[in-house]
Protein chains: 2
Amino acid sequence: MPVSPLFRRIDVAPAYQKVADAIEREIVSGRIKPGDPIGTELELVRQFGVNRSTVREGIRVLEEGGLLRRDSSRRLQACLPRYNKLATRLSRALVLHEVTFRELFEASMTLEVASTECAVERATEEDIAELADNLARSERVIGDAAALAECDADFHMLVAKASHNRVLQLAREPAAQLFFPTTEMIVSHVAQGASRLVEAHRHLLEAIQRRDKAAGVQWTRRHLQDWRRGFERIASLDRSVEHMYMEHAQAVRHK
Amino acid sequence: MPVSPLFRRIDVAPAYQKVADAIEREIVSGRIKPGDPIGTELELVRQFGVNRSTVREGIRVLEEGGLLRRDSSRRLQACLPRYNKLATRLSRALVLHEVTFRELFEASMTLEVASTECAVERATEEDIAELADNLARSERVIGDAAALAECDADFHMLVAKASHNRVLQLAREPAAQLFFPTTEMIVSHVAQGASRLVEAHRHLLEAIQRRDKAAGVQWTRRHLQDWRRGFERIASLDRSVEHMYMEHAQAVRHK
DNA sequence: CAAATCTACTTTGTCCGACAAACTGATAAA
DNA sequence: TTTATCAGTTTGTCGGACAAAGTAGATTTG
């Protein structure tokens with residue numbers, strides 16, 4: 001039977017970590033709201049009683065975690081972590097774990113279909129307008145593989161947004177980020193790839209407008225199956241997502 | 001028409017960021033493999049030609065991103081980011097975005113069902129043994145709400161693992177982390193909550209063993225519906241996931 | 001000879017002080 | 001009213017410093 005301890009566990013975390021944790025607690029608990037200014041570095045130095053270098057190391061941790069950002073004048077403020085920034089970390093992890101395109105495809109089939117189902121139920125006029133806008137743009141850039149791939153990624157992101165389920169939105173993001181580069185490859189290598197892509201988007205949008213769930217699901221599936229067939233003409237589904245992929249993701253992130 | 005530029009864009013990223021990016025590139029590209037040692041701080045100082053404080057800030061960024069860790073002797077080495085560590089960031093983001101339990105429930109319904117379907121197809125003997133082990137433990141701690149909630153979280157994590165789809169595994173993790181604390185509440189507030197939970201696990205495991213997909217899906221749904229009914233006795237599904245939740249997640253993370 | 005101990009060196013975590021560049025806000029000039 | 005100037009902050013970076021912890025090789029001990 002455990003004896004009730006005389007002493008509390010000594011906290012041996014390094015000082016910069018404690019600084020980060022202290023600020024994190026304030027933000028996550030809601031006592032500091034997104035947009036609120038954290039003090040200047042010098043103020044934090046005074047409050048925590050540690051050196052500025054130490055404070056700065058703590059700040060880096062929080063910046064990377066998306067809880068802190070610097071505004072236009074580089075002053076610190078709390079912020080709401082953006083999904084796609086966090087998802088980049090996850091995509092990176094998936095690459096390093098060498099997941100296969102098969103896993104990516106399988107998971108996306110589930111996630112995108114679920115997004116579509118929710119979007120069909122709940123898309124607002126604005127959501128539909130944004131999707132229509134995207135579709136129009138796709139049609140204009142149908143000859144440009146890179147631009148079309150970007151439209152495709154945006155389109156599905158907009159569908160997920162129209163689902164009005166942020167958990168779903170976040171869950172699909174990492175996989176979606178890894179899809180993106182392949183779409184460009186497929187569109188430029190497979191004849192009719194581009195036109196089939198745009199056609200699928202058109203039908204999907206119509207299904208959402210008509211609140212026709214069955215059609216929405218059907219076109220989402222067909223669209224993904226198209227991707228799969230296109231991909232298999234280029235490479236095996238059991239290939240792992242290559243390291244080089246991340247270079248694209250990085251370029252996007254730093255833009 | 002854009003004129004071809006005379007000068008390349010000047011890279012204005014701060015030095016610590018460039019240090020982080022340089023190391024990140026080496027790891028993500030695969031030139032440095034997980035487990036490989038990065039040099040000491042002093043070596044990095046020499047290689048990059050910047051001050052040690054600058055190097056250290058860069059290191060913090062990568063540590064937080066899960067790409068770098070310090071081994072037993074605190075030397076730096078590349079590493080494979082662990083899903084659940086990264087997922088903690090995401091859970092935090094979901095809390096800050098004040099997602100509702102309804103969103104959580106809806107997304108989990110999709111994700112957990114998909115996990116089950118894959119697990120039914122692909123679970124190995126080992127996966128099943130781990131699940132059986134977990135079930136046995138659940139039965140032993142059926143009176144202890146906190147321990148049972150932990151078992152529940154583990155059980156579903158094991159099912160996801162048995163899906164042998166790491167994208168799915170990662171996608172469900174953030175939502176799962178937020179479920180955890182509610183399970184404890186429900187089990188301790190709702191009569192028969194605990195026994196129904198264990199019963200659902202038992203049937204789910206049997207379904208996986210028999211490779212009976214329909215039964216697996218059915219019991220997963222039923223199990224989640226149970227959660228929902230239990231939760232609605234305590235609070236509204238449209239309540240947002242509270243800030244206080246993260247304190248639990250933090251405790252787990254620092255363990 | 002093997003095991004334990006000691007010692008010199010390295011590395012990390014932290015601190016101090018410093019300075020240029022960028023930004024702020026206010027004042028002076030056109 | 002707009003532009004230019006200027007002093008004060010704040011950030012990003014630097015150099016050097018030191019204690020604590022870890023490492024490895026030399027030394028003592030059994």
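Chain letters run A, B, ... following the sequence lines, proteins first, then strands; residues in each count from 1. These values consider heavy atoms only, across backbone and side chains, with no hydrogens, waters or symmetry-generated copies.
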In whole angstroms, how far is the [atom2] atom of [N] from the [atom1] atom of [X]?
{"X": "A:L44", "N": "D:dG12", "atom1": "CG", "atom2": "P", "value": "13 Å"}
{"X": "B:R75", "N": "D:dG22", "atom1": "CZ", "atom2": "P", "value": "11 Å"}
{"X": "A:R46", "N": "D:dT10", "atom1": "CZ", "atom2": "C1'", "value": "12 Å"}
{"X": "B:R69", "N": "C:dT12", "atom1": "CZ", "atom2": "P", "value": "15 Å"}
{"X": "A:K18", "N": "C:dC15", "atom1": "NZ", "atom2": "P", "value": "11 Å"}
{"X": "A:I59", "N": "D:dT11", "atom1": "CD1", "atom2": "C1'", "value": "10 Å"}
{"X": "B:Q77", "N": "C:dT12", "atom1": "CD", "atom2": "P", "value": "13 Å"}
{"X": "A:L76", "N": "D:dT9", "atom1": "CG", "atom2": "P", "value": "18 Å"}

query: Taking N and O atoms by type only, does the side chain of B:R52 place a donor or acceptor under 3.5 Å from a partner on the base of C:dT14?
result: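 Flag set: donor-acceptor pair detected.
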field: Distance-only polar pair, side chains of A:Q77 and A:R69, donor-acceptor under 3.5 Å
entry: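 Yes, because at least one side-chain N or O of A:Q77 sits under 3.5 Å from a partner of the opposite role on A:R69.
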message: Under a plain distance cut-off of 3.5 Å, with no hydrogens placed, do B:T124 and B:D127 share a side-chain donor-acceptor pair?
response: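 Side-chain D/A pair, B:D127 to B:T124: present.
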- prompt: Can any side-chain N or O of A:D144 pair as donor or acceptor with the backbone N or O of A:V141 at less than 3.5 Å?
  reply: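 Such a contact is absent between A:D144 side chain and A:V141 backbone.
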message: Need one value for B:R56: base, sugar-phosphate or nothing, where a base atom within 4.0 Å counts as base even if backbone is also close, heavy atoms only.
response: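 Base contact.
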So, does [X] get its side chain near the phosphate of [N], meaning an N or O under 4.0 Å from OP1 or OP2?
{"X": "A:N51", "N": "C:dC16", "answer": "yes"}
{"X": "A:S53", "N": "C:dC16", "answer": "no"}
{"X": "B:S73", "N": "D:dT23", "answer": "yes"}
{"X": "B:R70", "N": "C:dG13", "answer": "yes"}

query: Nearest nucleotide by nearest heavy atom, which residue falls closer to the 5' end of DNA chain C, B:E43 or A:V50?
result: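 Result of the comparison: B:E43.
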- prompt: Mapping A:R74 and A:A15 to their closest nucleotides on DNA chain C, which lands nearer the 5' end?
  reply: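 Final value for this comparison: A:A15.
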query: When you measure from the side chain of A:E41, which nucleotide among D:dT11, C:dT14, D:dT13 comes out closest?
result: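 For the A:E41 side chain, the nearest candidate turns out to be D:dT11.
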query: Taking the side chain of B:P14 as heavy atoms from C-beta outward, which of C:dG13, D:dT13, D:dT11 is closest to it?
result: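 The answer is D:dT13, which lies nearest to the side chain.
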- prompt: Quick one: does A:E64's side chain get under 4.5 Å of B:E63's, heavy atoms only?
  reply: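 In short, these two side chains do not touch, never coming nearer than 4.5 Å.
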query: Do B:S108 and B:F179 have side-chain heavy atoms sitting under 4.5 Å apart?
result: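 Counting from C-beta outward, B:S108 and B:F179 do come under 4.5 Å.
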